[in-house]
Amino acid sequence: MKFRAFLLAVAVGLCCVFTGGVQPARADNLDEVMQKRISAAKALPESIDFWSPYDADVLAQALVDRMTDEELLSQILMFGWTGARPSALLNSWVTERGLGSVKVFGWNTDNIQMVAQAVKTLQTEAASRRFKIPLFVATDQEGGWIRHVKGETSDTPGNMAIGASGYPMDAYYSGYYINREIKALGINMNFAPTVDLYTNLDSTVIGPRSFGTGASDAGILGEAFAQGSIAAGVIPTAKHFPGHGDTSLDSHGRLPEIQIDLDTLRTRELVPFRYLIQSGIPAIMSGHLSFPQIETDGTPASLSKFMLTDLLRNEMGYKGLIITDDMKMNGAIGFAGSLYHAVTMAIQAGNDIIISSETAGLESLLWTENLSLMRTDTSFYNRVKDSARRVILAKLNYFKSENAAPLYPNDATIYEHIPDPDGQKFFLDQACRSISVYKKGQIPLTPEDAGRVLIAGPFLSYYDEGKKRFPGAETFHYSYTLRDDESNFSDWDATNIVSAARGFDTIVVCVYDWHTANIAKRLKTLGKRVIIFSILSPVYILDGFEWADSILCGYSYSSYSFAALWAALHGEFTPTGIIPLTY
């Protein structure tokens, strides 16, 4: 892995930024430490709140000791909202219950000024409560394919492009610039990096979100991305523990089963998480993933005490926050039988923050049943209180640091930071370093050698970058999303590409799934020069394209990646990226 020393130097300087440098107590004096902390907490005055100037460890204990059952349970919940503005229901959870965290999903982020305004409103409401505990505000801004905060934020080359370049520097600065943008909106937690291995090449849910196949490479690059996030002032969250890469199923729709044993898990999927734990990752997301050879009853990892408490905490020594994936996914509800029972199991398993993409009703079973259990089951009460304390301690260390995201972002100035001017320069350079040649034909290709050029694909920036190099080129458009029935594509007849291409000498076609691979294969019989630009996952071009003149891989539909692909074809630089998969 290139520039490993760079990463190590960064990690040494940043690993304790959001943890306050607190080291875990030895097991033999843990009870003594806890008793001293509890005694010190009792001695604090009655008037304390989150911003009181006391030791974070003692203050966190004092706050949870003085919280009601409702406040404790609320502190470990994270809700999202639909629509451009937070609903009245979500506002009620913050003002009446003391909700601990909110999540910004991709369906309410086209207007980034409104995102900043929403964050400001919610944080103001949180500050009005007696303990003045601020909210964790989270999103999924992985880069590349997954970019929940849209609007003017940077559409970046993504993880697989980082894996193709192989530079921890690229991972670090991707994490830095991506998170510097969302920090300007008041978002203080990012559910990234994704360190799932691309073990199953049929995977459609992970794909280019992965750094690649190599476990150590994913660990090094994930570690660098996380340190870049911390340097930018946003809490990174590694996901999806213990690894989502060896399945073709999506846990949004059903519970994936991963048929590997514990030894394989330890030596493969868990390797990246070990790198991140060693470097002080502050948060890890648990996945709705079943490992029947490990949990024989099929319990998902997100609901498994063995996976989260025995393995992640006790065996691997992880001390940070454990956060569930969205509990509204069928992968969790289908196993537990109901949302409220899935939440109960998630808390018992060891999760500290429970996510629901929808705001629960004030009297939903998720609330009433778990609150009732707190009052009748001491062990469950203590489990909730332990998580609430861990959440508040993480907040104290973060929000009282010098680099925290603004609680009340200035929506009038966010366009000074988004898109990040320095980030735009970096992401183009990064995209160029990622470009991989799978098959080298006539590269570089000049307009004189190309003759008449047809550019086929669904993206405007793809056309624009191509026409900069080949000014006389014409375009053939097909929809980005095509129907599953490849013989009946939506809005167009696939055979038209063959007839359209007959009048051209060179056809450059964009491939990113099985449908578009089949479209490109229709050109085989024409005897023309066909150049394939593979974006997103490269698995679709690994077989069946021996006849193509050239195949270049770019890993995303970012305008930066399209600019790099066309520049490589045109001979403006020599591509050095390597496809980061074992195939």
Side-chain angles (χ1 to χ4, degrees), residues 142-147 150 154-165 170 174 194 198 201-212 427-440 443 454-469 473 475-482 497 507-521 523 530-545 548-570 573 575-581 583:
E142 300 174 13
W145 199 14
I146 302 300
R147 170 175 157 257
K150 298 180 177 65
S154 296
D155 191 357
T156 72
N159 281 2
M160 187 152 286
I162 296 170
S165 79
D170 282 341
S174 291
T194 298
Y198 204 160
L201 296 187
D202 291 329
S203 173
T204 57
V205 65
I206 298 301
R209 300 166 68 185
S210 171
F211 290 113
F427 288 122
L428 179 57
D429 288 344
Q430 185 223 324
C432 291
R433 285 188 289 273
S434 75
I435 301 302
S436 312
V437 178
Y438 181 69
K439 185 181 181 188
K440 188 179 188 301
I443 300 176
L454 179 68
I455 303 172
F459 303 101
L460 292 178
S461 60
Y462 167 61
Y463 303 151
D464 292 343
E465 292 294 339
K467 288 183 177 182
K468 288 179 185 178
R469 279 81 180 181
T475 61
F476 182 91
H477 180 82
Y478 48 81
S479 173
Y480 172 66
T481 304
L482 300 171
I497 193 172
I507 302 96
V508 184
V509 60
C510 190
V511 170
Y512 48 86
D513 60 13
W514 294 120
H515 292 311
T516 49
N518 287 330
I519 291 172
K521 287 176 181 177
L523 302 171
V530 176
I531 297 166
I532 308 295
F533 281 178
S534 169
I535 62 172
L536 301 180
S537 171
V539 299
Y540 308 104
I541 53 85
L542 297 179
D543 293 304
F545 283 98
D549 180 80
S550 302
I551 302 175
L552 297 174
C553 300
Y555 309 105
S556 86
Y557 43 57
S558 162
S559 59
Y560 303 112
S561 295
F562 286 134
L565 283 163
W566 283 105
L569 177 64
H570 194 241
F573 69 95
T576 58
I578 298 172
I579 297 175
L581 302 178
Y583 53 90

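The structure displayed is predicted, hence computed values, not measured ones. What's counted below: heavy atoms across the whole structure, side chains too, no hydrogens, waters or symmetry copies.
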**OP:** Apply the test side chain to side chain contact (heavy atoms under 4.5 Å, CB included) to residues Val530 and Val509: give CA-CA distance (whole Å), side-chain angles for both, the deciding distance (0.1 Å), then the verdict.
**Re:** CA-CA 7 Å; Val530 176; Val509 60; 4.2 Å; yes
Original post:
Ser210 and Ile206: which non-hydrogen atoms are nearest, and at how many Å?
Top reply: CB-CG2, 3.7 Å
Original post:
Closest approach of Tyr438 and Cys553, non-hydrogen atoms and distance?
Top reply: CB-SG, 4.3 Å
Original post:
What is the distance from atom CE of Met160 to atom OG of Ser436, rounded to the nearest 0.5 Å?
Top reply: 10.0 Å
**OP:** May I ask you to decide if Gly144's main-chain N or O and Thr156's side chain share a donor-acceptor pair within less than 3.5 Å?
**Re:** yes
Original post:
Can you tell me how far CG of Leu569 sits from CD1 of Ile531, rounded to the nearest 0.5 angstrom?
Top reply: 4.5 Å
Original post:
So, the side chain of Ser165 versus the backbone of Ile162: is there a donor-acceptor pair under 3.5 Å, distance only?
Top reply: yes
Original post:
Under 3.5 Å, side chain of Lys439 to main-chain N/O of Ala548, donor-acceptor pair present?
Top reply: yes
Original post:
Between Tyr583 and Val539, is any pair of side-chain heavy atoms under 4.5 Å apart?
Top reply: no
**OP:** Could you tell me whether a side-chain N or O of Thr516 sits under 3.5 Å from a main-chain N or O of Trp514, the two making a donor and an acceptor?
**Re:** no
**OP:** Calculate, to the nearest 0.5 Å, the distance between atoms OG and CZ belonging to Ser561 and Phe427 respectively.
**Re:** 10.5 Å
Original post:
Can you tell me how far the OG atom of Ser537 sits from the CG atom of Asp202, to the nearest 0.5 Å?
Top reply: 9.5 Å
Original post:
Mind checking whether Ile535 and Leu565 have side chains closer than 4.5 Å, heavy atoms only?
Top reply: yes
Subject >> Validation row: His477, Pro458 side chains within 4.5 angstrom (heavy atoms) >> reply: yes
**OP:** Report yes if the side chains of Pro580 and Tyr198 come closer than 4.5 Å at any heavy-atom pair, otherwise no.
**Re:** no
Subject >> Heavy-atom side-chain proximity of Ile443 to Leu552 below 4.5 angstrom >> reply: yes
**OP:** Look up atom CZ in Phe476 and atom CD1 in Ile519, then write down how far apart they are to the nearest 0.5 Å.
**Re:** 7.5 Å
Original post:
Is Tyr462 reaching over with its side chain to a backbone N or O of Ala456, donor-acceptor style, under 3.5 angstrom?
Top reply: yes
Original post:
Is the backbone N or O of Arg209 less than 3.5 Å from a side-chain atom of Asn159, with the two atoms forming a donor-acceptor pair by type?
Top reply: yes
**OP:** Could you tell me which non-hydrogen atom of Leu581 sits nearest to which non-hydrogen atom of Gly212, and how far apart they are?
**Re:** CD2-CA, 4.2 Å
Original post:
Sub-3.5 Å donor-acceptor pair from the side chain of Ser558 to the main-chain atoms of Asp155, do we have one?
Top reply: yes
Original post:
Judged by atom type as modelled, is there a donor-acceptor pair below 3.5 Å linking the side chain of Tyr555 to the main-chain atoms of Ala431?
Top reply: no
Original post:
Quick one: which of Tyr478, Phe562, Trp566 gives a ring-ring contact (aromatic ring centres under 6.0 Å, His included) with Phe459?
Top reply: Phe562
Original post:
Considering all heavy atoms of both residues, which atom of Ser174 and which atom of Gln430 are nearest to each other, and what is their separation?
Top reply: OG-OE1, 3.2 Å
**OP:** Kindly compute the distance separating CZ (Arg433) from CZ (Phe573), expressed to the nearest 0.5 Å.
**Re:** 10.5 Å
Subject >> Trace of the ring-ring contact (aromatic ring centres under 6.0 Å, His included) decision for Tyr512 with Tyr557 >> reply: CA-CA 9 Å; Tyr512 48 86; Tyr557 43 57; 8.1 Å; no
